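Scroll down for the structure; my scribbles are underneath it.
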Amino acid sequence: MLVRHACEPALATRRVLVVGVGGLGSPAALALAQAGIGTLGLVDPDPIEISNLHRQLLYESADVGRPKVAVAAERLRRLAPGLRVETWCERFGPGHVALLRGFDCLVDGTDTVAAKFVLNDAALAARVPLVHAGVLGFVAQLMTVVPGASACYRCVFEEPPPPEETPSCQEAGVLGPVVALAGAFQAAEAVRLLVGTTPAWTNRLLRIDAWTGSWRTVPLAPNPRCTACTAIAEHESANAGRSDVP
Amino acid sequence: MAQVRIPTPLRKYTAGAEAVEAEGGTVAALVSDLDRRYPGIRERICDEKGEVRRFVNLFVNGEDIRFLKQLDTPIKAGDEVSIVPAIAGGA
């Protein structure tokens, strides 16, 4: 097990949802399984492609064509027999907010900025912490969103760019070890959240550049103009008001 | 001169350089100087109205310019300006 100390029993009852079981989601799920997480939820609509194999650690060439969530579940259960794995072979969308409420922590393994905004907004609505990462080429960015307590993804990047300005890994390439590193960092952050330790990447954006060998953080702050945070605060305020009515 | 950290998607404008120098008394002036040295880079940072694009953040010495004076944030010699765009990948 990855975590051989007092926090391991605490993890056995916890539930983590990994959205996107590709370059980030594979190493994150592996590390969480080995750490002793009780339940992993996996969401991904895609089958395994040959071009995935250099960076998506859970899969091998014989798996090409099979659904990622099915293969990932098999591998993870074999690796950690006590692990419960729940799968959704579908694309994550705004309609999945109720699903998120059944988990203690979310790991962002999606590969478009648009999907990262959808997941951020859903995490805020469900009030579930989210460990975000994005990777391109040799660069990874990480941040953690604790709804109501830290800057969210939309506080930092206010809207998605046009698709042509943010190529995906599939389009622009990515170095396998960079996603593996970022996914492992996401798993470590999820463990910190689950055992109640202060998360490392709230109100900070970590940028790792494997080409220059640099690791840098920039401080973040909640944006008072953030439409997602404002909407959630207003919704909760309205609900609080209703609960006051006898 | 300030040092400007260039993110991967914009390094095609700087011949691959991860950090370059530029000058200007404000962030706006610095972006203009950057564009003089590396033509085309401005439109990847600012929109047609001259505002910083909403999926790009600029940090001066680690401080988000949205919480300073935005494009009017002063720049002095030796400052470090980081350009941080949203990046997509992960699958």
Side-chain angles (χ1 to χ4, degrees), chain A residues 20-25 44 46 52 55-56 68 108-117 132-141 153 156-163 165-174 178-179 182-183 205 207 209 211-212 214 216-221 223-225, chain B residues 2-21 27 35 38 40-71 73 75 79-91:
Chain A
V21 197
L24 291 168
D44 199 305
D46 294 328
N52 300 153
R55 66 186 186 279
Q56 300 189 9
K68 288 181 183 175
D108 179 357
T110 63
D111 78 336
T112 68
V113 177
K116 293 179 188 305
F117 275 93
H132 157 85
V135 183
L136 195 65
F138 288 80
V139 173
Q141 290 181 176
Y153 190 61
V156 183
F157 303 109
E158 297 180 9
E159 64 183 29
E165 298 223 7
T166 54
S168 68
C169 290
Q170 202 74 13
E171 293 158 344
V174 65
V178 177
V179 277
L205 179 78
R207 281 180 62 82
D209 187 333
W211 185 254
T212 60
S214 61
R216 302 165 59 79
T217 59
V218 287
L220 306 174
N223 182 350
R225 300 192 312 270
Chain B
Q3 187 171 64
V4 185
R5 298 268 173 192
I6 307 295
T8 306
L10 302 192
R11 289 181 197 165
K12 63 184 178 186
Y13 295 96
T14 61
E18 186 263 341
V20 300
E21 291 192 327
V27 172
D35 195 63
Y38 306 102
I41 200 168
R42 186 212 311 258
E43 69 182 50
R44 299 295 302 274
I45 301 170
C46 297
D47 63 19
E48 62 281 358
K49 294 177 188 163
E51 302 292 333
V52 177
R53 303 181 83 165
R54 298 182 70 184
F55 50 87
V56 176
N57 275 329
L58 299 180
F59 295 84
V60 176
N61 299 327
E63 294 291 321
D64 189 335
I65 68 163
R66 294 178 302 163
F67 305 126
L68 299 173
K69 293 183 177 175
Q70 306 212 39
L71 284 166
T73 300
I75 298 289
D79 280 351
E80 182 181 88
V81 178
S82 298
I83 305 168
V84 179
I87 59 174

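Being a predicted model, the structure only gives us computed values, none of them experimental. Just so it is clear, the values below take in all heavy atoms, side chains as well, and ignore hydrogens, waters and symmetry mates. The chains referred to below are lettered A, B, ... by the order of the sequence lines, with proteins before strands, and numbering in each begins at 1.
- How far CG of B/Leu71 is from CD1 of B/Ile65: 5.0 Å, rounded to the nearest 0.5 Å.
- Residue A/Val156 touches chain B through both its backbone and its side chain, counting heavy-atom pairs closer than 4.5 Å.
- Ion pairing between A/Asp209 and B/Arg11 holds under the 4.0 Å rule for side-chain N and carboxylate O.
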As a quick check of understanding, evaluate salt bridge (charged side-chain N to carboxylate O under 4.0 Å, His left out) for B/Asp64 and B/Lys69, giving each step before the final call. CA-CA 9 Å; B/Asp64 189 335; B/Lys69 293 183 177 175; over 6 Å; no
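- Among B/Arg53, B/Arg66, B/Arg44, the residue with the largest count of heavy-atom pairs under 4.5 Å with chain A is B/Arg66.
- Contacts between A/Ala115 and chain B at a heavy-atom distance below 4.5 Å are absent for every atom of the residue.
- For CD of B/Glu43, the number of neighbouring non-hydrogen atoms (other residues, nucleotides, ligands) closer than 6.0 Å is 12 at most.
- Of the atoms belonging to A/Phe138, not a single heavy atom falls under 4.5 Å from chain B.
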